[in-house]
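Notes to accompany the following structure.
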Amino acid sequence: MIKLNVLFKKMQKDDKKEVLMFHVLSDELPHADELLKMPGSIALLNVEESEAGEVGAEFVSIQRDNKKTVLKFNIKRDAEGKVNKLYPHAGSNVSLGLQPSQMTIDEFYEDDHEGIEYNVESDGSVSVPEGQLSIGEEESDHKLKVVK
């Protein structure tokens with residue numbers, strides 16, 4: 001795991017994600033070789049001062065100038081509420097832990113949801129493949145309406 005002392009510069013909500021920016025305020029970038037390989041992939045990041053734990057994030061970019069290095073991450077909305085635990089630390093100096101994830105970007109942005117497989121026919125009716133529901137479940141579930 002890469003550990004960096006950084007300024008948690010900003011955290012901004014977008015339609016479907018949170019954008020996090022961290023500044024490494026030094027002439028030298030610790031772990032530069034490892035960090036430069038990570039943009040464009042999914043990383044597990046951990047702000048040690050928060051109770052959020054490890055959060056999966058897309059490592060969007062790394063930008064360097066003569067005063068600082070900016071690390072930019074996107075976090076998709078999380079149902080576990082981990083992102084909310086990071087808000088109090090925005091604007092502060094924090095210890096950031098980073099490590100590569102085995103997850104691909106496509107897997108990261110896939111919507112996780114359980115449900116019933118179905119097909120919508122051209123006439124608007126819905127067909128459900130056999131074996132997903134028992135007759136008892138069908139009778140107890142709410143009736144579906146066709147919405148046009």
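Residues take their numbers from the sequence shown, with the count starting at 1. The figures here come from the full heavy-atom set of this structure, side chains too, leaving out hydrogens, waters and symmetry mates.
- For the pair L96/V24, no side-chain contact is recorded, criterion being any heavy-atom separation below 4.5 Å from C-beta on.
- Within the model, atoms CG of L20 and NE2 of H89 stand 12.0 Å from one another, a figure rounded to the nearest 0.5 Å.
- A side-chain contact (heavy atoms from CB on, under 4.5 Å) with L98 holds for exactly one of L45, L44, N46; it is L45.
- Residues M21 and Q12 are not in side-chain contact: their nearest non-hydrogen atoms beyond the backbone lie 4.5 Å or more apart.
- Between F73 and F22, the ring-plane angle classifies as perpendicular under the 30° and 60° cut-offs.
- Across every non-hydrogen atom of S50 and K85, the tightest pair is CB-O, 3.6 Å.
- Judged by distance alone, with hydrogens and angles left aside, the side-chain atoms of K3 form no donor-acceptor pair with the main-chain N or O of S95 at under 3.5 Å.
- Two residues are said to be in side-chain contact when any heavy atoms from C-beta on lie closer than 4.5 Å; M11 and V83 meet this criterion.
- A single hydrophobic cluster is not seen to contain both V94 and L25; linkage of ILVMFWY side chains at heavy-atom distances under 4.5 Å, directly or through other members, places them apart.
- At least one side-chain heavy atom of I62 sits less than 4.5 Å from a side-chain heavy atom of T69.
- Within 6.0 Å of CG on D33 lie no more than 12 heavy atoms contributed by other residues, nucleotides or ligands.
- Each of L4 and V70 belongs to its own hydrophobic cluster when Ile, Leu, Val, Met, Phe, Trp and Tyr are linked at side-chain heavy-atom distances under 4.5 angstrom.
- Salt bridge absent: E58 and K17 never bring a charged side-chain N and a carboxylate O closer than 4.0 Å.
- Both V6 and I2 are part of a single hydrophobic cluster, where members link through side-chain heavy atoms under 4.5 Å apart.
- We find the CG-NZ distance between N93 and K9 to be 11.0 Å, quoted to the nearest 0.5 Å.
- Hydrophobic cluster membership differs between V19 and F8, with clusters built from Ile, Leu, Val, Met, Phe, Trp and Tyr side chains linked at under 4.5 angstrom.
- Residue S61 comes nearest to P39 through the heavy atom pair CA-CB, 4.2 Å, listed as atom of the first residue, atom of the second, then distance.
- L35 is listed as a side-chain neighbour of F59, based on a closest heavy-atom distance under 4.5 Å.
- Counting only heavy atoms from C-beta outward, the side chains of E18 and L86 never approach each other to under 4.5 Å.
- Between atom CD of residue E34 and atom CD of residue Q99 there is a gap of 11.0 Å, rounded to the nearest 0.5 Å.
- Considering only heavy atoms from C-beta on, E54 comes within 4.5 Å of M1 through its side chain.
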